[in-house]
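Below, chain A is the first sequence line, B the second, and so on; all start at residue 1.
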Amino acid sequence: MTGTVENTYAALKEKARQQYNLRHEATKTRIQIGSATCENAAGSEKVLEEFRKHIVASGKEDVVLHRTGCTGRCSREPIVTVIAPGKIPVKYERVDSGRVHEIFTSHIMGGKAKAELMLDSTEQPAQYELFFCNSARCINPAKVDLVGLFYDKLEQNNISAENARISKTSCMGLCEAGREGEAINVLIRPGKVIYNVKKATDIDEIIAAHIIGGKTVERLIVGGNPLGARFFELYGDSAFFNRQSRLALRNSGLIDPENIYEYVMVDGFEALAKVLAKSDRGWVIDEVTKSTLRGRGGGGYPTGTKWSMAAKENNETKYIICNADEGDPGAFMDRSMLEGDPLSIIEGMMIGAYAMGASNGFFYVRAEYPLAIKRIETALKLCREHGLLGKNILGSGWDFEIEVRLGAGAFVCGEETALIHSIEGERGQPRVRPPYPTTSGLWGKPTVINNVETFANVPLILLYGAQWFKQIGSARAGGTKVFSLTGKVHHTGLVEVPMGSTLREVVFDIGGGVPGGKALKAIQTGGPAGGTIPASLIDTAVDYESLTALGSIMGSGGMIVMDETDCMVDIAKFFITFSQDESCGKCTPCREGTKRMLEILDRITAGKGEKEDLDKLERLANLLRKSSLCGLGRAAPNPVLSTMKYFRKEYDAHVIDKVCPSGKCKALVKFEISEEKCVGCTACARHCPVACISGTPKHLHVIDQTRCIRCGKCFEVCRFNAVLKNGKAKA
Amino acid sequence: MSHTDQPCCTDNWPQIKAKSEAALPRAIVEYIEQCRAKEHAESQLISVLHKLQGTVGYIGKEQIDAVAQLLGVPAAKVSGVATFYHFFSLEERGKFLISVCLGTACYVKGAQQVLEKFKEELGIESGETTKDGMFSLQVSRCLGTCGLAPVVMINEEVHAKVAPDNVAALLKMCQDKA
């Protein structure tokens, strides 16, 4: 049997290679365009069409279009990458029809990159670029600074920055190779060559043969198929990307999500083939347990343990479910993976199903994600057509089938028992656990439910080994975590970093900090079940335990940055409004408690709060935490409790001083005109929508407080900073 | 034999069947028949309602009864499910469904003001439809395009970085399409 699986997979890989080579002839220039919900919203479909027209009009036959998923660089979309044979790939940002024309004329026709439109750079690409693996794990405290030596030797050889440029990247997944002595790894593009450099003479050889002579140094090349190489070949020069470690997102934005051959070409289904060939369920569970992979949906439950519990159940029918009901506001990691690399998730799910002994699987996807649903359905169809789903998968004799079920806009369905009820066609209400789903789940059968990101990591563990996965990450949790970084931050998008990275690395090093010269106030993680972490704790290393200790949670990975203009009481109210709206109504503490908490917060933000309200709010919050039926209710008070803990002064200001310090709560804002600064230009009076500002030209203007609706227009339009908001002038 | 196992168990079943089929588009009736042939047929209720709303635009009382009869589940359950999930609409909606995202990222970037502007321009509250049947306004909880916040979805199309000043232009664009 073993030989059969290996042969079947080898045949599939061969077919993929042929198909891939047909589409991606090495002599052709490839124009790569992202396509996911946000890319499309930013106009990527139009861009694709415009390129197509340009290619036809130019009559060029050596240019091909390549549609991929999304890399998660949301604020710069649509992103277009031009990969010319033998040249460094060039990425362009915010491409629209006009820019398509410029790029096509200059770059495709003229061979000169359009530097001013490039992503994260304004310089012409060099002839060669060198990326040093700068991962903390494989850099030994070298006695000889090999990277420094590289710089020196390039200079000695009179090689300018136009010829060779150096950057550093995070982990390339070469940890084993890097551990020999004081070696360093360097990726050279174009060509995706990785060298393991051990001593000064190696550097001389690389410079002489590769950089000057254009020939690779076979002796120093790192073998195998390092995971980071593909990603950094494209994105190694960008600070947003090269500090990330892309495991779960390894293929997002690199391959066409609707083409199974491209997935197979990046080792897709190799882990599954390995598992089926080995035919040892215990081994799979052992590996996943040893890897310390924990649930990425937020709970952080060890995946291997969950699988082994279900595997031990003696039942002919078992189910596995992929929880793709990403309901947290401000989180879109799962959508991006479903749209950009659905086959990785399917493969991970199949490995899980095999390990626990499930015959059927379900994707439970939000109905709000139409493109994700389409891509998953396409991917499942492709799997069936290629013998990867259905009967006798890869000739192993194992049968497995996956079905897609849609959510219908209920946040609580992310809770596993509610999700099961929803798949059963019921109202999505949770029930008391135990029994846990691994004992009695869907239709009373043993069921494993894992998140999208958890599954996406599984193939890597079996391909590269549990030890490899474990050492990327913190002591308590292996691997990486994907965050969707949004809010008041320069670079919004998807960020994947090793567990244990600090918030500072994510928000400042990768995200570029807060725009507009404003100060960082807080970071919200974990959505409505999470908490708000103050700027003072920015050096916290992020993992499940550290965030829980701060009163927040890891959650599914939403990370929203807030600046000084955001009011923490208002944010707490926002989340309680959400939880109150989404409470399913089954248990009293959650149904009534969220309602009363919201009423109290409404009072406070309207300026009608009293001191006792704060005590009541805290008591109620603790009660909900202790007595609610499911995670939604138990976690609903977190936004309130964490803001009360870290921003108590703001609550006091609202209640005692009747002032909203950030000026967000309208009822607690007062606009006045400064006698010293007002020059009587009349701008405020002309813009006031309710005409409550009186004054004649060149004389002091006055706001009638009884009629002011606190819209802030006068504050915005005053060029002399004479309008004061809560006594303070515009900065 | 219980009602759930087999719908055709009463004397007046032919009449009920005919009435139920008349209340639903042909494609939905066929879809329900396919569902009934599968294991755990009752679990397909949510997908039937999705198909129905996708075809008709909303789920009316008559359709709830018809689905219940043909799928063989109690009408109370169909109604319970249809009202539980936000995605289902029990009333006819306008030609253009405007969903203003009030997810956290959109909220901190000023989506509330965008919503207020839509309300002002259309003269309706969230959850209502304009008298001419052109626009329905609703609030949605995160469309997952937070990087482009604040976003507004009009029917299937996502509009990025919407400011209150763009609202009038968006409405005009819809009116031009209609």
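Within the 4.5 Å cutoff, the side chain of A/Glu426 has no heavy atoms near those of the B/Glu42 side chain.
A donor-acceptor pair under 3.5 Å is absent between the side-chain atoms of B/Arg141 and the main chain of A/Phe411, judged by distance alone. A donor-acceptor pair under 3.5 Å is formed between the side chain of B/Thr104 and the backbone N or O of A/Pro329.
Considering every non-hydrogen atom in both A/Ala410 and B/Phe84, the closest pair reads CB-CE2, 3.9 Å. Across B/Gly103 and A/Phe574, no two heavy atoms sit closer than the pair C-CZ, 3.7 Å. Closest heavy-atom contact between A/Ala331 and B/Cys146: N-SG, 4.0 Å. Contact detail for B/His50 and A/Ala367: the closest heavy-atom pair is CE1-CB, 3.4 Å. Between B/Val81 and A/Gly425, the closest heavy-atom pair is CG2-O, 3.6 Å. Between B/Leu148 and A/Cys74, the shortest heavy-atom distance links the atoms CD2-O, 3.6 Å.
Within the 4.5 angstrom heavy-atom criterion, no atom of A/Ser336 approaches chain B. For A/Cys584, the parts sitting under 4.5 Å from any heavy atom of chain B are the backbone and the side chain alike. Using a 4.5 Å cut-off between heavy atoms, A/Leu406 contacts chain B through both its backbone and its side chain. Interface remark: A/Thr577 contributes backbone and side-chain atoms alike to the contact with chain B (heavy atom separation under 4.5 Å). Interface remark: B/Glu156 contributes side-chain atoms only to the contact with chain A (heavy atom separation under 4.5 Å). Heavy atoms of A/Glu45 lying under 4.5 Å from chain B are absent altogether. Interface remark: A/Arg335 contributes side-chain atoms only to the contact with chain B (heavy atom separation under 4.5 Å). For a residue to count as touching a neighbouring chain, one of its non-hydrogen atoms must lie under 4.5 Å from one of that chain's; by this rule A/Arg73 does not touch chain B. B/Ser99 does not touch chain A: none of its heavy atoms, backbone or side chain, sits under 4.5 Å away.
In terms of non-hydrogen atom pairs under 4.5 Å with chain B, the most contact-rich of A/Phe332, A/Phe575, A/Tyr369 is A/Phe332. Chosen from A/Asp581, A/Leu485, A/Ile571, the residue pairing most often with chain B at heavy-atom distances under 4.5 Å is A/Asp581.
Listed by sequence position, the residues of residues 522-530 of chain A in contact with chain B number zero, using a 4.5 angstrom heavy-atom cutoff.
By the 6.0 Å contact criterion, CD on A/Glu316 is open, its count of non-hydrogen atoms from other residues, nucleotides or ligands being 12 or less.
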